[in-house]
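Taking it in order: structure first as structure tokens, then the write-up.
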Number of protein chains: 2
Amino acid sequence: MARVEIGQQLGMSPATVSDLTASLLDDGVLVTEEAGDATPGLIRGRPKVRLFFAETLGSVIGVWTGFNRIELRLVDSAGRNRASRHIERPLRTLGAEELMDVLAQSITAFARETGAPDVKAVGLACQGYVDTKDGIVAWSPVLGARDLPLASGLSERLGLPVLIENDASAMAFAIAQRDPALRTGRTACLMVGDGVGMGFLINGELYRGARFGGSEFGHVRLRRGGPQCRCGGRGCIEAFLADYALHRDAQLIDHRPAPTALIPGEDAMDSIVAQARAGDPALQNLFREAGEVLGDAVGILIQTLEPDHIVICGPGTRAIDLLRPSFEAALESQTIPELRALTTIHVVESSMDLLTEGVVMQALRELDLDLARLKAA
Amino acid sequence: MARVEIGQQLGMSPATVSDLTASLLDDGVLVTEEAGDATPGLIRGRPKVRLFFAETLGSVIGVWTGFNRIELRLVDSAGRNRASRHIERPLRTLGAEELMDVLAQSITAFARETGAPDVKAVGLACQGYVDTKDGIVAWSPVLGARDLPLASGLSERLGLPVLIENDASAMAFAIAQRDPALRTGRTACLMVGDGVGMGFLINGELYRGARFGGSEFGHVRLRRGGPQCRCGGRGCIEAFLADYALHRDAQLIDHRPAPTALIPGEDAMDSIVAQARAGDPALQNLFREAGEVLGDAVGILIQTLEPDHIVICGPGTRAIDLLRPSFEAALESQTIPELRALTTIHVVESSMDLLTEGVVMQALRELDLDLARLKAA
DNA sequence: CTTGTTTTATTCGAGCTCTGAATAAATATG
DNA sequence: CATATTTATTCAGAGCTCGAATAAAACAAG
């Protein structure tokens with residue numbers, strides 16, 4: 001944040017940093033810290049002056065679309081969270097055009113309600129294989145449409161630049177921004193929640209596949225003839241670990257009819273977890289199996305990619321205590337000890353708020369050239 | 001190879017290329033093409049003069065260590081293959097010091113026999129998790145020792161710089177050098193032979209894991225309680241596809257005792273393949289199962305990494321016709337069609353010669369700074 | 001309060017790489 | 001032989017970055 005620190009992180013001399021920041025300060029893109037805000041003088045020497053992005057450069061709206069839920073968040077150019085909101089709304093049944101209309105309306109309404117006249121860009125995280133470069137959802141487990149040009153569709157409706165990203169990738173990015181250790185080396189971030197996704201970072205940069213998308217690791221099919229998955233396959237990792245899968249299988253145990261609501265609410269999931277913790281053997285068995293699949297999944301990642309870090313995150317971590325025994329047993333039986341020892345496994349109880357923050361940060365990053373241009377005008 | 005082409009590939013202006021190559025030409029590191037060697041003039045304009053590395057800068061020995069076999073190859077600084085040899089020698093039973101002694105002796109003898117007085121470096125490809133940066137074999141399925149400092153051990157014995165690398169990584173690198181398409185985007189190269197390894201390239205650069213090694217994808221355990229693997233686990237990909245596994249299981253079918261020689265020769269493998277092609281149902285079943293595992297493996301790679309290319313290579317491709325039906329069926333049932341379509345699958349019948357070439361190229365790359373220094377002296 | 005110490009930031013000149021434009025070179029075409 | 005076309009080189013200038021010197025801002029000690 002201070003110039004010296006920036007220099008150290010980027011491997012530049014302080015002189016260079018001064019050069020570069022000078023013009024940004026002139027243009028008002030950066031602002032210096034108030035004199036009083038400095039940390040009280042515990043160290044001698046001229047105190048470092050921290051640099052911040054100006055608040056006045058406009059704001060960005062981050063959006064996450066779940067199965068039947070839209071999360072919205074407004075962040076100013078200094079990175080401060082201004083407002084957030086969520087809307088319960090089934091999105092799955094909508095057609096492509098309808099979906100984009102609904103999203104555009106929700107975003108416009110949110111911007112109006114929060115009184116943000118200076119929205120400069122929108123970042124949207126969604127499930128599926130997302131071509132971030134061209135702004136296309138190539139495939140999604142929740143959309144019928146294929147190759148949906150979501151970014152341009154929203155961009156036209158809103159008159160703003162729109163960045164779209166896979167949700168697990170956005171979450172991985174956000175988590176890595178919080179912990180510098182995760183930005184060095186290779187970090188695989190497994191997000192368990194509505195579905196199961198993975199974001200993979202190499203030295204803090206998101207890994208991009210053939211069509212500039214992320215990974216669909218959640219749809220690796222680990223158990224032949226296993227339970228049905230949203231993607232149409234059977235035995236996917238997701239079909240054991242996602243909220244909808246656990247909820248569905250919990251209902252089946254009780255011989256109740258298949259649930260009408262496809263996606264359970266947070267309270268429904270909490271209740272299942274509470275019952276399992278209280279000792280329900282059938283539910284415990286469900287979590288035992290899920291943990292085993294999670295262990296196999298993490299084992300595959302270790303053997304294949306040898307990441308420095310694996311992060312397990314998302315709402316699914318609520319039941320980590322129930323998953324852990326079978327997770328660890330499976331992981332152990334799946335991996336070579338010498339290799340397993342090279343990877344640190346973290347459990348991060350991250351909320352969807354963090355995810356929207358992540359996609360905002362990415363939008364800022366991808367569009368920073370535009371911001372500079374905006375300021376010039 | 002011509003200056004203009006170098007500039008286009010590296011994104012530099014012709015002027016820059018001239019600048020840089022001028023000093024190298026002066027130092028004798030590069031040589032220009034003979035006047036007569038130019039392609040006959042089908043195109044107008046001043047003909048391009050191609051640049052080559054000089055032959056006189058010394059040579060590099062590439063080595064591959066298999067289960068019971070050493071492959072050696074001498075390459076001059078122009079990249080021309082000067083000599084190659086293989087030695088049948090069981091390596092598995094040797095201790096760490098003994099192994100390094102045997103390798104050093106074999107390399108010295110080979111250099112002497114080929115009359116190469118100007119060997120400047122050695123590149124060695126071996127199985128296991130290899131820390132190329134520090135020259136340490138962190139783990140290997142064929143060595144008892146862990147964290148073996150193979151590069152420094154050989155370097156001391158030979159008095160030469162030694163680069164070590166995982167064998168599948170070296171093969172991937174070599175194959176990508178032959179086909180420019182594989183150097184753009186992401187290429188996963190699955191080598192089936194003595195064992196099963198994977199080298200993963202991102203834009204032509206080898207992916208490095210936590211300890212700067214490659215992948216141990218061959219030891220992903222796909223079938224719980226499956227056949228025994230060399231690594232000590234059960235149901236590894238390798239335990240279905242590697243030569244030793246197919247040979248062992250073929251012997252078991254006939255109720256013969258377990259084979260005494262752990263690693264079958266090329267003729268033994270050819271005979272198994274021939275019998276299967278001739279219609280032996282039990283052997284066909286073996287290959288069917290192997291193909292299924294290969295399909296699952298490729299499926300996992302596609303879902304996880306979305307590579308642009310997957311290359312299946314190594315001696316195991318000899319039976320690709322037997323593997324193919326079940327391979328394709330498994331691949332289809334394992335993957336989402338929209339994602340599968342993004343990856344091109346290549347079968348490359350690559351020999352171990354190519355592998356030693358790969359490790360030489362890498363050694364040249366990693367040690368090129370040294371070569372420049374050598375020339376200065 | 002003054003002087004020295006320590007750390008941060010800026011200025012400035014020098015070095016370095018790369019580039020565009022102009023030029024030269026080498027060949028094919030008519 | 002003149003012209004077109006492509007390749008290579010030369011050269012001056014732009015742009016980055018850095019080291020050294022300098023200035024600035026605080027604390028510490030007397």
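Numbered from 1 within each chain, the chains take letters A, B, ... in sequence-line order.
The backbone N or O of B:Gly185 sits less than 3.5 Å from a side-chain atom of B:Asn203, completing a donor-acceptor pair. Not a single donor-acceptor pair under 3.5 Å links the side chain of B:Arg183 to the backbone N or O of B:Leu201. Within the 3.5 Å criterion, the main-chain N or O of A:Leu301 finds no donor-acceptor partner in the side chain of A:Thr304.
At a cut-off of 3.5 Å, with distance as the only test, no side-chain donor of A:Asp76 or A:Ser59 sits close to an acceptor on the other residue.
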Test side-chain contact (heavy atoms from CB on, under 4.5 Å) applied to A:Tyr129 and B:Leu342, step by step
CA-CA 11 Å; A:Tyr129 194 74; B:Leu342 301 181; 3.5 Å; yes
Any chance you could list the contact pattern along nucleotides 6-18 of chain D? Use B for base contacts, S for sugar-phosphate-only contacts and - for none, protein heavy atoms under 4.0 Å, 5' to 3'.
BBSBB------BB
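Of all non-hydrogen atoms in A:Ser169 and A:Met198, the two that sit nearest each other are OG-O, 4.4 Å.
Taking the screw axis at each terminus of the helix from C:dC1-D:dG30 to C:dG30-D:dC1 from five consecutive base pairs, the angle between the two is 10° to within rounding of 10 degrees.
When each of A:Leu163, A:Val63, A:Leu124 is tested with A:Leu154 by the rule side chain to side chain contact (heavy atoms under 4.5 Å, CB included), just one qualifies, namely A:Leu124.
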